[in-house]
Number of protein chains: 2
Amino acid sequence: MSRLDRSLIAGIPIFQGMAPADLDGILHKARSQRIAKDQTVFEQEGEAHSFFLLLDGHVRVVKTTPDGQQVIVRYISPGELMGIAHALGRTTYPASAVAAVDCVVLAWPGPVWPEMAATFPNFGAGTYKTVGARLQETQAHVVELATKQVEQRVAHALLRLVKQTGRKTEDGILIDFPISRQDIAEMTGTTLHTVSRLLTAWEDKGLVKSGRQKVTVVEPHLLFTLAEGQADKG
Amino acid sequence: MSRLDRSLIAGIPIFQGMAPADLDGILHKARSQRIAKDQTVFEQEGEAHSFFLLLDGHVRVVKTTPDGQQVIVRYISPGELMGIAHALGRTTYPASAVAAVDCVVLAWPGPVWPEMAATFPNFGAGTYKTVGARLQETQAHVVELATKQVEQRVAHALLRLVKQTGRKTEDGILIDFPISRQDIAEMTGTTLHTVSRLLTAWEDKGLVKSGRQKVTVVEPHLLFTLAEGQADKG
DNA sequence: CGTCCATTTGATCAGGGTCAAGACGAGTGG
DNA sequence: CCACTCGTCTTGACCCTGATCAAATGGACG
């Protein structure tokens with residue numbers, strides 16, 4: 001493996017405020033790894049030997065039920081940690097992480113986590129803050145699934161993706177990695193058929209443009225009003 | 001306020017392995033507080049001035065949507081922490097906590113959290129482990145909402161409550177605090193009507209016995225097979 | 001050019017939400 | 001002690017959202 005340059009991680013929030021020598025020390029413990037599209041970074045139930053930082057690409061975190069159904073828990077963007085089971089006192093990964101495109105990650109052996117957290121308090125605190133933020137998001141997702149209609153959930157999911165990974169194009173804001181109807185269905189607890197029907201309806205209304213594994217949001221604001229649309233069951 | 005005796009907290013996992021003097025030090029910073037049934041321990045969006053340990057009673061943690069719908073995120077049992085927003089880098093509570101029965105809690109001012117975590121590493125680690133465990137549970141809840149039928153979700157919810165707070169009676173295992181059909185509906189993303197129908201159906205089959213704000217599970221194992229019952233949408 | 005996968009779209013239908021009444025039981029005030 | 005009230009629970013009727021089933025279309029890629 002080649003020497004890793006500290007510029008790789010200098011700009012990442014969780015390493016903010018560390019001395020160059022510290023960054024080098026952290027990188028020294030890491031190995032860099034490429035993950036081809038559709039390959040897994042780590043697998044649900046697998047021994048949690050490492051934790052990871054995504055340097056480039058997009059990763060989806062997926063939980064699979066015993067009967068084979070899948071739920072996409074979240075998408076990871078560059079600069080985010082993943083597989084931090086160790087920080088939570090777990091020894092196995094609770095979900096799988098699949099590269100949505102070719103990715104580059106840094107990997108550290110799990111056992112160095114406590115060491116790093118002790119040596120660099122900001123890193124430890126940042127990790128916990130990440131975990132806390134994810135707990136909030138996940139709880140918000142529970143509320144959404146429990147109280148909102150499918151249309152609102154799908155609209156919200158698209159808006160979240162746009163915010164997280166949107167790239168401006170002449171048509172509108174493009175979700176910057178390949179995403180299928182099936183993927184959107186697995187994020188929102190519905191079926192690809194329903195997602196397809198919603199997208200074509202929205203396309204007719206000019207809210208989005210979409211194609212094969214591609215979605216562009218043309219009118220985020222209108223989509224937002226749709227996402228907030230009135231209540232339902234309960 | 002009267003002096004707090006260390007026996008109050010000596011048996012609680014998160015304080016395990018601390019010297020008596022440490023326990024006294026921790027208690028010295030706490031105040032004890034009674035919360036009458038249906039009163040809130042803390043409120044969603046409110047300034048997170050304190051964090052809490054439930055000593056006695058049962059508390060439900062509730063998120064309310066802008067349009068007034070409620071979702072019960074979890075029930076807290078004696079010995080568990082709640083309102084630990086500070087540990088997650090938040091300044092407001094993300095949910096409300098309501099006493100399901102008359103309760104006794106210990107409360108610490110939020111700002112002492114970092115101090116306690118630094119002084120008692122086990123306490124800090126224990127808190128994070130709690131947060132991690134809750135993240136896992138919440139993600140499992142998302143998967144359940146996204147992939148399971150209402151009947152299975154309600155069955156699971158009852159089994160969780162039985163495991164958490166069940167008390168053996170001659171009829172079976174009683175959920176040890178008042179819980180309404182509406183409460184169960186808010187835990188599972190359905191309506192009180194559907195919960196009522198399910199419970200009467202189960203009662204006819206001899207799986208449960210239930211009454212006003214009271215549920216006893218007679219045949220946990222049969223209920224479990226029902227909860228695991230085959231797949232569905234997706 | 002053929003194969004495979006993503007997508008679309010129609011038809012059907014059922015799970016469970018909504019609407020509407022009532023029954024039941026516990027607590028309250030007279 | 002009784003009447004009343006309020007909140008919980010039950011139950012029936014109806015119907016809508018969205019899942020399921022089934023096929024066909026259309027790109028992408030080897």
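All values below come from the heavy atoms of this structure, side chains included, with hydrogens, waters and symmetry mates left out.
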task: Ignoring hydrogens and angles, tell me if any N or O in the side chain of A:R153 forms a donor-acceptor pair with the backbone of A:K148 under 3.5 Å.
output: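 Yes: the side chain of A:R153 pairs with the backbone of A:K148.
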message: So does B:S77 get a backbone contact from the side chain of B:E80, meaning a donor-acceptor N/O pair under 3.5 Å?
response: yes
Find the distance [X]:[atom1] to [N]:[atom2] and express it as a whole number of Å.
| X | N | atom1 | atom2 | result |
| --- | --- | --- | --- | --- |
| A:K148 | C:dG17 | NZ | P | 17 Å |
| B:L192 | D:dG12 | CG | P | 16 Å |
| A:K209 | C:dT7 | NZ | C1' | 18 Å |
| B:E151 | C:dA14 | CD | C1' | 14 Å |
| B:L198 | D:dT10 | CG | C1' | 13 Å |
| A:L145 | C:dG17 | CG | P | 14 Å |
| A:D38 | C:dA6 | CG | C1' | 14 Å |
| B:Q182 | D:dT8 | CD | C1' | 10 Å |

Give a yes/no on whether any side-chain N or O of [X] is located under 4.0 angstrom from OP1 or OP2 of [N].
| X | N | value |
| --- | --- | --- |
| A:T194 | D:dG18 | no |
| A:Q149 | D:dG18 | yes |
| A:T191 | D:dA19 | yes |

task: Tell me what B:Q213 touches on the nucleic acid: a base, only sugar-phosphate, or nothing, going by heavy atoms under 4.0 Å.
output: sugar-phosphate
- request: Remember a base hit wins even if backbone is also touched, and classify A:R181 as base, sugar-phosphate or nothing at under 4.0 Å, heavy atoms.
  value: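 The residue A:R181 makes sugar-phosphate contact but no base contact.
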- prompt: Where is the tightest heavy-atom contact between B:T200 and B:R197, given as atom of each residue plus distance?
  reply: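 Result for this residue pair: OG1-O, 2.9 Å.
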message: For A:T92 versus A:A85, what's the shortest heavy-atom pair and its separation?
response: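 Result for this residue pair: O-CB, 3.7 Å.
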For the side chain of [X], counting heavy atoms from C-beta on, which of [options] is nearest?
| X | options | result |
| --- | --- | --- |
| A:R197 | D:dT10, C:dG10, C:dT7 | C:dG10 |
| B:R212 | C:dT7, C:dG17, D:dG7 | D:dG7 |
| A:T200 | C:dT8, C:dG16, D:dA19 | C:dT8 |

message: With heavy-atom distances below 4.5 Å as the criterion, would you say the side chains of A:E228 and A:H156 are in contact?
response: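 Yes; the side chains approach each other to less than 4.5 Å.
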- request: Let me know, please, whether A:V150 or B:S196 comes out on the 5' side of the other along DNA chain D by nearest nucleotide.
  value: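 So the residue in question is B:S196.
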message: When you measure only distances, ignoring hydrogens and angles, does the side chain of A:H193 come within 3.5 Å of the base of C:dT7 through a donor and an acceptor?
response: no
